[in-house]
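If you read the sequence from its start, that first residue is 1, and numbering goes on from there. The structure displayed is predicted, hence computed values, not measured ones.
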Amino acid sequence: MKTQPNDRANDRVPFLGVKRRWVGYALFIFVVSLLIYAGFSTADSLGTDGWRGFKTVRAVLHDTSRALPVLGVAPIVILVIWEFVMILYEIVKEQIEARQRSRIAAHEARGEERGIKLGEERGRELERDAWLDWLERRQAAAAAGEPFDEPNPAEKHNGTSPPPV
């Protein structure tokens with residue numbers, strides 16, 4: 001099974017369990033810091049003794065080689081700290097998202113309760129209006145002396161036939 005390039009970058013290497021992409025960053029930081037240190041060492045050597053050919057090159061290489069352990073550990077420390085910060089970031093992000101999800105759920109529950117309550121109120125209003133309209137038509141028919149055989153709203157809703165009048 002082939003792995004995608006992005007999956008490979010997130011794989012962990014055996015050394016300290018860091019992500020594979022961090023190895024390239026660590027090497028970059030190491031080389032840049034080595035070049036910077038060698039530059040300062042050269043500037044210091046040239047400033048104190050001047051150019052003395054091979055002795056100057058040897059002094060710079062000796063000084064730089066003595067700094068290699070520190071220069072080698074620095075990128076590892078930086079990237080381990082960075083990995084720790086990223087782990088903390090993910091933990092905090094997950095907590096914030098969980099809190100937001102619970103708030104959304106609470107708001108949805110309140111909204112659903114409110115919607116049910118409003119729906120029930122609106123349903124009662126519509127039923128009351130239907131009964132008032134039916135009663136008004138019945139009274140108008142009675143006042144006009146006409147027969148009124150329209151079923152009441154409950155009978156329409158239940159599908160039962162109206163009682164004989």
Side-chain angles (χ1 to χ4, degrees), residues 1-40 64 67-165:
M1 182 173 156
K2 285 188 169 182
T3 59
Q4 299 295 330
N6 291 340
D7 295 341
R8 186 167 164 81
N10 288 324
D11 287 347
R12 297 202 176 262
V13 294
F15 182 69
L16 292 177
V18 296
K19 291 182 181 175
R20 183 174 301 278
R21 66 177 173 206
W22 297 128
V23 174
Y25 295 148
L27 289 174
F28 177 76
I29 292 170
F30 173 73
V31 169
V32 168
S33 61
L34 180 67
L35 291 175
I36 291 171
Y37 188 85
F40 280 121
T64 304
L68 282 177
V70 174
L71 295 175
V73 170
I76 294 170
V77 169
I78 290 169
L79 293 177
V80 167
I81 290 171
W82 180 258
E83 188 76 17
F84 180 72
V85 167
M86 294 309 294
I87 289 170
L88 287 178
Y89 167 76
E90 289 296 325
I91 291 170
V92 170
K93 178 181 162 188
E94 181 58 36
Q95 288 178 348
I96 290 171
E97 288 174 353
R99 209 172 327 149
Q100 287 175 340
R101 284 191 298 270
S102 68
R103 286 179 181 164
I104 289 170
H107 286 294
E108 285 176 348
R110 274 188 285 175
E112 186 174 327
E113 290 172 8
R114 186 170 176 232
I116 290 171
K117 185 178 177 183
L118 289 174
E120 288 173 350
E121 290 174 6
R122 179 68 178 141
R124 281 193 291 272
E125 288 174 10
L126 291 174
E127 184 178 4
R128 182 174 176 269
D129 291 344
W131 275 97
L132 288 174
D133 290 343
W134 177 82
L135 185 60
E136 196 175 287
R137 288 191 301 274
R138 182 175 167 205
Q139 288 173 346
E146 298 174 358
F148 187 76
D149 58 354
E150 181 183 332
N152 66 35
E155 291 169 343
K156 285 182 185 177
H157 180 69
N158 294 333
T160 60
S161 60
V165 180

Heavy-atom neighbours of R128 CZ exceed 12 at 6.0 Å: no
Correct closest heavy-atom pair for P75 and A26 would be CB-O, 3.5 Å
Taking atom CD1 of I29 and atom CD1 of I76, what is their separation to the nearest 0.5 Å? 10.5 Å
May I have the step-by-step check of side chain to side chain contact (heavy atoms under 4.5 Å, CB included) for L68 and F30, ending in yes or no? CA-CA 9 Å; L68 282 177; F30 173 73; 3.8 Å; yes
Taking atom CH2 of W82 as the centre, does the number of heavy atoms from other residues, nucleotides or ligands within less than 6.0 Å exceed 12? no
Salt-bridge criterion met for R124 and E127 (N-O under 4.0 Å): no
Walk me through it: do E125 and R122 pass the test salt bridge (Lys or Arg N to Asp or Glu O under 4.0 Å)? CA-CA 5 Å; E125 288 174 10; R122 179 68 178 141; 3.4 Å; yes
Between atom CD of E90 and atom CD of E97, what is the distance when rounded to the nearest 0.5 Å? 8.5 Å
How many angstroms lie between atom CE of M86 and atom CG of L79, to the nearest 0.5 angstrom? 12.0 Å
Calculate, to the nearest 0.5 Å, the distance between atoms CG and OG1 belonging to L35 and T64 respectively. 9.5 Å
Output, in order, the C-alpha distance, side-chain angles, deciding distance and verdict of salt bridge (Lys or Arg N to Asp or Glu O under 4.0 Å) for E94 and R101. CA-CA 10 Å; E94 181 58 36; R101 284 191 298 270; 3.0 Å; yes
Is the backbone N or O of P151 less than 3.5 Å from a side-chain atom of W134, with the two atoms forming a donor-acceptor pair by type? yes
Crowding at CD, E112 (>12 non-hydrogen neighbours, <6.0 Å): no
Rounded distance (nearest 0.5 Å) linking atom CG of L34 with atom CG of L27: 11.5 Å
Pairwise distance CG(L132) to CD(Q139) - rounded to 0.5 angstrom: 9.5 Å
